[in-house]
Amino acid sequence: MTRFLVYGCTGIGLLTLAAGWATTGLWPLGIILLLLTLLSLYLVKRKFTPALDIALALGVIAAALGISAGMSLPYALTGVLTLLAAWDLDGFSRRLAFAAPPDGPDALQSRHLLWLGLLLLPALGISLFVLNIRLQFNFELAVGLVVLVFASLAALLGWLAKLQR
């Protein structure tokens with residue numbers, strides 16, 4: 001089931017980005033993303049390990065450039081979130097092949113899918129909420145928010161590095 005979701009999320013993510021690029025009027029980039037979809041699905045099928053790493057990176061770049069070119073944000077957001085889910089599920093399915101938990105791999109798989117859903121659904125909800133609010137920031141508040149974001153990321157990375165030890 002996890003492999004099926006990997007293929008589905010990869011296809012949906014890249015096809016959504018291709019549709020988003022086609023709506024901007026730059027349809028040749030949409031065709032390139034269609035070809036990238038086919039190539040990514042083929043490489044995932046052949047179990048080429050970095051295939052989804054590359055697809056996720058190219059998808060994020062395509063979404064970012066697409067937003068700056070006038071792509072609708074829901075296309076970019078859906079594409080990136082589904083590619084992120086595909087990337088996570090691909091890594092999980094590789095680890096699941098070596099796992100032998102006491103309650104079986106099916107229980108481990110359903111727990112992982114539950115946690116992934118609990119992570120992605122609020123992220124999608126918050127993103128859609130943020131799309132509908134309009135705030136005006138002055139320069140000082142914007143700089144303060146940027147400093148707060150970087151301090152939070154530094155604290156998170158420090159915490160993750162401490163967990164690795």
Side-chain angles (χ1 to χ4, degrees), residues 1-14 16-17 20 33 36-37 39-41 43-68 71 73-131 133 135 137-165:
M1 167 125 175
T2 306
R3 293 307 294 174
F4 173 74
L5 288 173
V6 169
Y7 299 133
C9 288
T10 303
I12 289 170
L14 290 172
T16 302
L17 289 173
L33 282 168
L36 180 64
T37 303
L39 179 65
S40 295
L41 290 173
L43 290 175
V44 168
K45 177 80 173 154
R46 300 287 296 163
K47 297 188 180 184
F48 182 62
T49 305
L52 281 175
D53 297 338
I54 296 168
L56 177 63
L58 291 176
V60 169
I61 291 169
L65 291 176
I67 288 175
S68 67
M71 181 191 299
L73 188 61
Y75 282 120
L77 186 64
T78 303
V80 170
L81 280 178
T82 53
L83 282 173
L84 184 62
W87 175 79
D88 176 69
L89 289 171
D90 183 55
F92 175 71
S93 68
R94 291 181 194 284
R95 290 188 311 271
L96 188 63
F98 299 109
D103 50 352
D106 289 336
L108 187 63
Q109 181 177 354
S110 47
R111 267 195 311 262
H112 186 80
L113 290 175
L114 174 70
W115 281 110
L116 184 64
L118 288 175
L119 179 73
L120 288 177
L121 287 177
L124 183 63
I126 290 170
S127 299
L128 291 175
F129 174 72
V130 168
L131 283 174
I133 61 173
L135 298 174
F137 291 119
N138 58 12
F139 180 73
E140 293 82 12
L141 184 59
V143 169
L145 288 175
V146 167
V147 169
L148 180 66
V149 166
F150 281 122
S152 300
L153 284 174
L156 177 66
L157 291 174
W159 178 71
L160 287 173
K162 197 173 6 172
L163 281 178
Q164 293 295 325
R165 290 182 214 154

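- Counting only residues at least two apart or on different chains, the side-chain hydrogen bond (donor to acceptor under 3.5 Å, both in side chains) pairs with a member in residues 51-61 are D53-W87.
- Judged by distance alone, the side chain of S40 and the main-chain N or O of T37 form no donor-acceptor pair under 3.5 Å.
- From L120, atom CG reaches atom CG of L81 across 6.0 Å, with rounding to the nearest 0.5 Å.
- What you find for A76 and L17 is that their closest heavy atoms are CA-CD2, 4.0 Å.
- To the nearest 0.5 Å, atoms OG1 (T82) and CG (L14) are separated by 7.5 Å.
- Atom CG of L33 sits about 12.0 Å away from atom CG of L39, to the nearest 0.5 Å.
- Across D90 and T49, no two heavy atoms sit closer than the pair OD2-O, 4.4 Å.
- Pairing each heavy atom of R3 with each of S93, the nearest pair is NH1-OG, 2.9 Å.
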Task: Derivation of the side-chain contact (heavy atoms from CB on, under 4.5 Å) call for L83 and C9 - done: CA-CA 6 Å; L83 282 173; C9 288; over 6 Å; no

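- L121 pairs by the side-chain contact (heavy atoms from CB on, under 4.5 Å) definition with nothing, not counting sequence neighbours.
- In terms of the ring pair (Phe, Tyr, Trp, His ring centres under 6.0 Å) criterion, residue partners of F92 (sequence neighbours excluded) are, by chain and number, H112.
- When every heavy atom of L113 is checked against every heavy atom of L5, the shortest pair comes out as CD2-CD1, 3.8 Å.
- For L160, the side-chain contact (heavy atoms from CB on, under 4.5 Å) criterion is met by L156, L163, not counting sequence neighbours.
- Taking T16 as the reference, I12, Y75, T78 meet the side-chain contact (heavy atoms from CB on, under 4.5 Å) condition, with sequence neighbours excluded.
- In terms of heavy atoms, V80 sits closest to G59 at CG2-O, 4.2 Å.
- Residues meeting the side-chain contact (heavy atoms from CB on, under 4.5 Å) test with F48, sequence neighbours left out: L43, P50, A51.
- In plain terms, the two heavy atoms of G117 and P122 that are nearest each other are O-CD, 4.0 Å.
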